[in-house]
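Report on the structure given below.
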Number of protein chains: 2
Amino acid sequence: MPQRAATAQPLKRAEKKEVTRQQLIAATVDSIAASGFAETTLHKVSARANVSRSLVNFHFESKEQLLVATLRHLTEEYRTFWMKAISRPGLSAAGKLNAIVDADFHPQVCNRKKIAVWYAFWGESKSRPTYMEVCARADSEFARTMEELTAAVVGDGGYAVSPAVAAKGLRCMIDGLWLELLLAPATFEREAAKRTCRTYLASLFPRHFDMPAAAAPAAVPEAQAAAGGER
Amino acid sequence: MPQRAATAQPLKRAEKKEVTRQQLIAATVDSIAASGFAETTLHKVSARANVSRSLVNFHFESKEQLLVATLRHLTEEYRTFWMKAISRPGLSAAGKLNAIVDADFHPQVCNRKKIAVWYAFWGESKSRPTYMEVCARADSEFARTMEELTAAVVGDGGYAVSPAVAAKGLRCMIDGLWLELLLAPATFEREAAKRTCRTYLASLFPRHFDMPAAAAPAAVPEAQAAAGGER
DNA sequence: ATTTTGATTGAACGGTCGTTCGACGTGTCG
DNA sequence: CGACACGTCGAACGACCGTTCAATCAAAAT
């Protein structure tokens with residue numbers, strides 16, 4: 001049951017090219033997560049993608065451009081994910097903040113492999129301004145959106161806190177919780193991370209968020225048993 | 001005016017060796033910050049330290065061990081810094097939490113160069129378990145200390161929040177704020193970062209922390225004009 | 001004063017990296 | 001159907017990496 005069942009098998013040339021391109025980017029993500037930034041070579045990437053080594057320089061002019069494309073892919077995936085999460089109709093500002101928290105710890109964007117790649121790029125960003133620019137551009141959009149949401153909540157509830165400060169606190173807390181998944185995967189719990197964020201929101205905006213109950217002792221029947229054992 | 005004016009010039013052999021060792025570690029920090037993890041080579045490190053290339057393999061068995069020693073140096077410096085900050089006598093638990101916030105954004109540990117190095121190591125930690133272990137060991141001590149402090153505050157004030165959750169939130173927020181210095185140095189403000197943390201603390205523990213006033217418009221005569229323009 | 005120890009050097013080696021280039025084969029289109 | 005365009009491959013190249021090693025020279029020990 002191939003996906004293109006209707007139009008018959010043959011991949012058009014342009015399509016196949018794009019598929020290979022995406023394979024290379026996916027292989028780069030895998031390689032950075034598995035071998036780190038320093039030891040990610042075009043040899044390893046092309047081997048993972050099952051293509052010849054020289055193909056990388058054909059699709060991307062250089063290794064550096066492959067890395068930039070990979071970072072762009074990552075930011076774009078993240079962007080569409082949280083945007084979709086808050087686009088559900090009938091969601092209040094508080095509901096959207098809750099949706100962002102859920103999205104940010106969803107296994108699709110928050111798993112050790114992708115977090116490792118994020119941190120690898122961040123670690124290189126000081127020496128490669130291009131990365132910094134790509135990240136900053138994505139972050140600023142996320143920050144602006146979140147500030148609009150906190151501003152709506154503050155306005156609605158008459159809270160004294162600055163919306164910008166509240167939003168920044170939540171954003172930073174999320175980034176830090178990601179780091180916990182990276183450095184202490186054994187103790188990281190998705191639900192606990194969300195609870196940490198919601199505790200923050202409930203203490204800032206008590207009339208819009210409920211203070212989470214104490215930890216349910218790991219008996220939560222969460223659909224967390226994802227594929228592959230890696231979280 | 002040499003430092004060792006009293007005991008005359010001559011460095012003992014063991015002393016000189018240790019000095020060189022520290023120079024190499026400092027050069028490694030500089031190189032990772034300037035060139036990133038991937039492009040940090042022994043050639044660049046030895047050039048920065050003004051020693052021959054082969055000296056690195058004399059003091060450290062391999063490049064990898066130099067990097068581990070650098071990470072250990074970083075964790076140790078950070079550890080002594082926050083420990084000293086909370087050891088001032090007569091400090092309440094809340095006062096110690098405040099002191100930790102101050103310490104974590106002090107230019108000595110929180111500047112772009114060192115943050116870049118932290119993130120570089122974190123980015124490689126998934127592929128090099130040694131880094132993960134070193135970081136995890138340091139983090140767990142910091143986490144335990146902070147949990148003791150939040151537990152004391154919670155006990156004293158009869159708050160409902162879990163001390164562990166409160167501590168984790170603060171730790172993660174700090175890490176995330178560091179990232180902001182790394183990725184958006186132009187908009188990062190030390191005092192604003194502290195204010196973000198204190199807003200969190202004041203909303204969780206209103207009877208122990210004052211909600212910070214709105215931003216003083218950058219007119220704070222902070223002794224922030226450090227050397228070199230880099231923050 | 002002489003020997004010994006050990007920090008430091010410069011040259012050299014093997015290996016691997018990113019990139020280039022010509023050849024091949026298959027969709028694409030006149 | 002035939003000529004071309006283009007995605008893919010394998011081999012090759014030069015550069016640079018981390019490491020090794022014999023030689024050096026000054027501090028320490030005898």
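What you see below is based on every heavy atom in this structure, not just the backbone, and it leaves out hydrogens, waters and symmetry mates. Sequence lines set the chain letters: A, B, ... in the order given, protein chains first and strands last, and positions in each chain run from 1.
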Next item on the list: Let me have a per-nucleotide readout for nucleotides 4-14 of chain D, 5' to 3', with B, S or -, counting only protein heavy atoms under 4.0 Å.
Entry: -BSBBBB----

Nearest-Å distance, [atom1] ([X]) to [atom2] ([N])?
{"X": "A:Lys12", "N": "C:dT28", "atom1": "NZ", "atom2": "P", "result": "6 Å"}
{"X": "B:Glu15", "N": "D:dA27", "atom1": "CD", "atom2": "P", "result": "13 Å"}
{"X": "B:Glu61", "N": "D:dT20", "atom1": "CD", "atom2": "C1'", "result": "13 Å"}
{"X": "A:Phe60", "N": "C:dT20", "atom1": "CZ", "atom2": "P", "result": "16 Å"}
{"X": "B:Lys63", "N": "C:dG15", "atom1": "NZ", "atom2": "P", "result": "19 Å"}

Next item on the list: With sequence neighbours left out, write down each residue that passes salt bridge (Lys or Arg N to Asp or Glu O under 4.0 Å) with A:Glu76, or none if nothing qualifies.
Entry: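 Per chain and number, A:Glu76 pairs via salt bridge (Lys or Arg N to Asp or Glu O under 4.0 Å) with A:Arg79.
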
Note to self: Looking only at side-chain N and O atoms, does A:Thr40 offer a donor or acceptor that is under 3.5 Å from a partner on A:Ser35?
What the structure shows: no

Margin query: Does B:Glu133, at its CD atom, have more than 12 non-hydrogen atoms belonging to other residues, nucleotides or ligands within less than 6.0 Å?
Written below: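 Result for CD/B:Glu133: open.
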
Next item on the list: Could you pull out all residues at least two apart from A:Phe60 that satisfy ring pair (Phe, Tyr, Trp, His ring centres under 6.0 Å)?
Entry: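 None.
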
Margin query: Using heavy-atom distances to pick each residue's nearest nucleotide on DNA chain D, tell me which of B:Ala14 and B:Glu64 is more 5'.
Written below: B:Glu64

Margin query: Holding to side chain to side chain contact (heavy atoms under 4.5 Å, CB included), I want the full list of residues that pass it with A:Ala27, two or more places apart in sequence or in another chain.
Written below: A:Val45, A:Arg48, A:Ala49

Next item on the list: Output all residues satisfying side chain to side chain contact (heavy atoms under 4.5 Å, CB included) with B:Glu64, sequence neighbours left out; order by chain, then residue number.
Entry: B:Ser62, B:Leu67, B:Val68, B:Arg128, B:Tyr131

Next item on the list: Please test A:Arg144 against A:Glu148 for salt bridge (charged side-chain N to carboxylate O under 4.0 Å, His left out), starting from the C-alpha separation and ending with a verdict.
Entry: CA-CA 6 Å; A:Arg144 190 159 15 90; A:Glu148 289 170 10; 5.1 Å; no

Item checked: Closest non-hydrogen atom pair, B:Asp104 against B:Phe142 ->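 Heavy atoms only, the tightest pair is OD2-CZ, 3.6 Å.
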
Check: Does any residue of residues 26-44 of chain A have a heavy atom under 4.0 Å from DNA chain D, and if so, which ones, in number order?
Finding: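 Per residue number, the list is empty: none.
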
